[in-house]
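Below: one structure, written as structure tokens.
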Amino acid sequence: MSRDHLKGATAALGPTYDADAPFLELLARGAAAEAYDRPVLLARAEGGSGERIAALEHAKLLALRVRSELEGRRRREAELSALFETAHDLAGPRDVDAVLQAIVQRARSLLGTDIAYLSLHDPARGDTYMRVTEGSVAARFQQLRLGMGEGLGGLVAQTARPYVTDDYFRDDRFRHTTTIDAGVRDEGLVAILGVPLMLGPHVIGVLFAADRRARVFEREQIALLGSFAALAAAAIDTANLLTETRSALAGLEHANEIIRDRSAVIERASDVHDRLAELVLRGGGVHDVAAAVSQVLDGTVEFVETAPAAAVEASRAEGHAVRHERDWVAAVAAGGELLGALVLRGHPGLDPVDQRTLERAAMVTSLLLLARRSAAEAEQRVRGELLDDLLEARDRDPRLLRERATRLHADLDATHVVLAARLDAAAPDADQEAAARRRLWSAASHLAATRHGLAAARDGGTVLLLPLEHGDTATELARRTALHLGTAVHEAVTVGASAPVRGLAADPDSVVAAYAEGRRCLDALRLLGRSGDGAAAEDFGFLGLLLAGDRDVAGFVERTIGRVVAYDERRGTDLLRTLDAYFASGMSPARTKDELHVHVNTVAQRLERVGRLLGDDWQSPARALEIQLALRLHRLASPAPH
């Protein structure tokens with residue numbers, strides 16, 4: 001009913017209802033409880049009679065009772081709506097993590113608490129661990145584990161009953177521990193409510209709502225959180241049942257696959273014969289053969305130059321593929337020369353037809369290797385000469401450089417990465433070291449040929465110039481190259497990569513600078529004990545400032561905390577100062593609020609905003625270290641205050 005309608009109804013009732021009129025008006029507009037004292041105070045100020053004041057007092061009490069009843073109904077309606085929405089989520093094909101996150105979010109919103117969180121029981125360790133949090137800002141709190149009977153949550157899990165405290169640190173009904181108290185203190189919590197998550201008679205976890213100030217939780221709020229806990233338990237139970245069902249279906253599918261595979265053995269044998277013949281006719285390579293056989297045998301087949309000696313010798317002597325542990329090995333030989341082996345990885349069970357397929361592939365591989373060895377060696381030399389010229393900038397005519405590259409199926413106008421590769425293990429003598437370097441150069445040259453790049457032996461290692469595909473990064477390319485070369489030579493190979501470079505034909509000097517950067521990354525990897533790995537300068541975070549030639553401090557600060565700086569400048573906030581105080585206070589919100597002289601809720605809200613700007617992992621050790629360095633560099637680069 002509108003305010004005007006209420007006034008009209010009151011006037012029609014006559015003077016008997018004069019005392020009710022102002023309170024009906026307040027009810028109509030949803031005024032605060034404090035406003036209901038004003039008509040009484042006004043009547044007293046105007047010298048109203050005792051009878052009128054008594055009537056107003058009586059009307060006020062009735063109006064407040066009606067207001068309380070309306071508020072209770074609205075609150076209950078909101079609670080039932082939230083419970084209905086959560087139950088609806090459970091009925092849909094949602095991920096259990098998303099459902100649990102929605103539950104804690106709605107519990108926090110309806111109870112009006114600073115934080116809500118949920119812990120689950122770990123049967124293996126006999127305790128509970130944090131699964132979902134909402135509103136938490138302290139890393140140590142988010143990683144807490146509560147043993148049975150430890151802390152308020154441990155008491156809830158042990159007794160299967162809800163517990164509530166309006167002042168956690170003064171409550172001695174449960175056992176306090178140093179670890180749990182430290183996490184609660186970091187989060188700044190005071191009042192905590194916990195209810196059990198039950199599946200039948202068993203407690204599987206605890207749902208919490210907590211405030212960073214003293215607070216008394218009402219009976220209705222405890223019941224509401226218990227309802228959310230029941231929904232959370234149902235979500236977990238449903239997810240477990242779904243997982244078991246999927247596992248059973250996967251088992252049935254696996255059995256069907258075995259039946260289909262056995263019925264198709266002869267068909268696969270015919271198929272591989274046709275595939276290998278086609279590969280030879282269209283000029284396929286060794287790795288094409290391995291890929292084709294991998295597909296036919298439903299496994300991973302690799303051509304390797306070195307394999308377990310006993311298995312290779314047995315295969316060459318018998319003329320058949322032999323089993324070695326969980327692999328199958330087929331020697332690739334021509335006359336008396338051993339060229340390598342085809343290895344079928346992780347496939348211990350192999351029927352006779354598939355075994356003959358692997359042996360036939362080894363024979364085709366030996367023919368391809370002999371036919372192309374001479375051509376490959378000549379092409380490798382030409383590729384190495386072109387890369388040497390780029391590194392030494394001997395031929396600066398862009399047209400000639402492009403023509404030479406085109407004959408090698410390389411495009412110098414594309415974006416490339418220069419990679420410096422080196423073997424890590426020291427050889428016992430000079431001859432073995434030279435042989436290892438030749439194997440590395442051969443593997444790198446083959447990789448460059450298949451990737452339309454260039455490779456050359458240089459400075460005791462190998463340098464590669466490989467094109468960077470769209471969506472790829474220098475880091476990913478370096479790691480793949482390290483893995484590929486290490487697998488090919490059966491030794492750890494470390495690879496340092498430059499940043500992407502463009503326009504190589506027009507600016508050969510850029511190749512020289514990129515090679516120097518790649519070598520610096522290579523040296524840094526070895527100094528950091530990351531032999532056998534691959535990386536680019538960007539991977540070292542602030543250490544990249546030491547490796548980079550131009551010390552891009554501004555770029556590092558922008559990448560690390562630029563969004564926070566921009567937010568402060570745009571909104572006039574103090575997120576940067578809050579971050580400084582937070583790290584200086586040992587990442588404790590409670591101590592940070594003392595440093596900044598603000599309420600702990602203000603600190604929590606600012607840190608939540610920082611998390612949305614920098615990402616959820618901003619408090620991890622590596623990110624936190626880079627953020628602290630960026631903060632210091634930002635202060636040093638900022639003009640001093642006048």
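Counting begins at 1 with the first residue of the sequence.
Residues Phe141 and Met130 are in side-chain contact: their nearest non-hydrogen atoms beyond the backbone lie under 4.5 Å apart. Side-chain contact between Arg609 and Arg606 is absent, with no heavy atoms from C-beta onward closer than 4.5 Å. In this structure the side chain of Arg213 never reaches within 4.5 angstrom of the side chain of Val190, judged on heavy atoms. Side-chain contact check for Ile192 versus Asp166: every heavy-atom pair is 4.5 Å or farther apart. Under the 4.5 Å side-chain criterion, counting only non-hydrogen atoms from C-beta, Leu614 is in contact with Arg623. Glu57 has its side chain out of reach of Arg52: every pair of non-hydrogen atoms, C-beta onward, lies at least 4.5 Å apart. Residues Gln101 and Glu134 meet the side-chain proximity criterion, which asks for heavy atoms closer than 4.5 Å. Leu111 has its side chain within reach of Leu193: a pair of non-hydrogen atoms, C-beta onward, lies under 4.5 Å apart.
Below 30°, between 30° and 60°, or above 60°: for Phe169 and His176 the angle between ring planes is below 30°, a parallel geometry.
A pairwise comparison of heavy atoms in Gly135 and Ile115 identifies C-CG1, 4.2 Å as the closest pair. The two atoms that bring Leu199 and Ala233 nearest to each other are CD2-O, 3.7 Å, heavy atoms only. Listed here is the closest heavy atom pair of Val417 and Pro500: CG2-CA, 4.2 Å. Closest non-hydrogen pair, Ala482 versus Gly534, comes out as CB-N, 4.0 Å. In terms of heavy-atom proximity, Val156 sits nearest to Pro196 at CG1-N, 3.5 Å. In this structure, Thr475 and Ala536 approach most closely via the heavy-atom pair OG1-CB, 3.8 Å.
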Would you check, one step at a time, whether the test side-chain contact (heavy atoms from CB on, under 4.5 Å) holds for Ile627 with Leu631?
CA-CA 6 Å; Ile627 291 169; Leu631 287 169; 4.1 Å; yes
Checking side-chain contact (heavy atoms from CB on, under 4.5 Å) for the pair Tyr567/Leu575: CA distance, chi angles, key distance, verdict?
CA-CA 8 Å; Tyr567 189 92; Leu575 297 185; 3.4 Å; yes
Verify side-chain contact (heavy atoms from CB on, under 4.5 Å) between Tyr117 and Val132, making sure each step is shown before the conclusion.
CA-CA 6 Å; Tyr117 50 103; Val132 183; over 6 Å; no
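Side-chain N/O atoms of Gln142 and Ser136 include a donor and acceptor closer than 3.5 Å. Using modelled atom types and a 3.5 Å distance limit, the side chains of Tyr582 and Gln619 yield a donor-acceptor pair. Side chains of Ser585 and Arg591: no donor on one and acceptor on the other come within 3.5 Å.
Within 6.0 Å of the CZ atom in Arg219, the count of heavy atoms belonging to other residues, nucleotides or ligands does not exceed 12. Environment of CZ in Arg612: crowded, with over 12 heavy atoms of neighbouring residues, nucleotides or ligands closer than 6.0 Å. Other residues, nucleotides and ligands contribute only 12 or fewer heavy atoms inside 6.0 Å of the CZ atom of Arg170.
One finds no salt bridge joining Glu595 and Arg577 here, because no Lys/Arg side-chain nitrogen approaches an Asp/Glu carboxylate oxygen to under 4.0 Å. Under the 4.0 Å criterion applied to side-chain N and carboxylate O atoms, Asp472 and Arg480 are assigned as salt-bridge partners. The residues Glu187 and Arg140 are annotated as not salt-bridged, no charged nitrogen and carboxylate oxygen being separated by less than 4.0 angstrom.
With Phe228 as reference, Ile103 is the one residue of Ile103, Leu118, Val104 to meet the side chain to side chain contact (heavy atoms under 4.5 Å, CB included) rule.
Leu579 CG to Met587 CE: the interatomic distance, rounded to the nearest 0.5 Å, is 9.5 Å. Atom CD in Glu558 sits 10.5 Å away from atom CZ in Arg563 (nearest 0.5 Å). Distance check, rounded to the nearest 0.5 Å: CG of Leu146 to CG of Asp122 gives 12.5 Å. Atom CG of residue Leu144 and atom OG of residue Ser119 lie 10.0 Å apart, to the nearest 0.5 angstrom. The structure places CZ of Arg175 at 13.5 Å from CG of Leu152, a figure rounded to the nearest 0.5 Å. In this structure, OG1 on Thr165 lies 11.0 Å from CG on Leu155, to the nearest 0.5 angstrom.
Ser109 contributes no side-chain N or O that, together with a main-chain N or O of Gln105, makes up a donor-acceptor pair within less than 3.5 Å. Remark: the backbone N or O of Gly147 is paired with a side-chain donor or acceptor of Glu150 at under 3.5 angstrom.
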Kindly list each side-chain donor-acceptor pair under 3.5 angstrom involving residues 201-211, sequence neighbours excluded, with atom names and distances?
{"residue": "Asp211", "atom": "OD1", "partner": "Asp114", "partner atom": "N", "Å": "2.8"}
{"residue": "Asp211", "atom": "OD2", "partner": "Arg215", "partner atom": "NH1", "Å": "2.9"}

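Ring centers of Tyr163 and Phe217: at least 6.0 Å apart, outside the cut-off.
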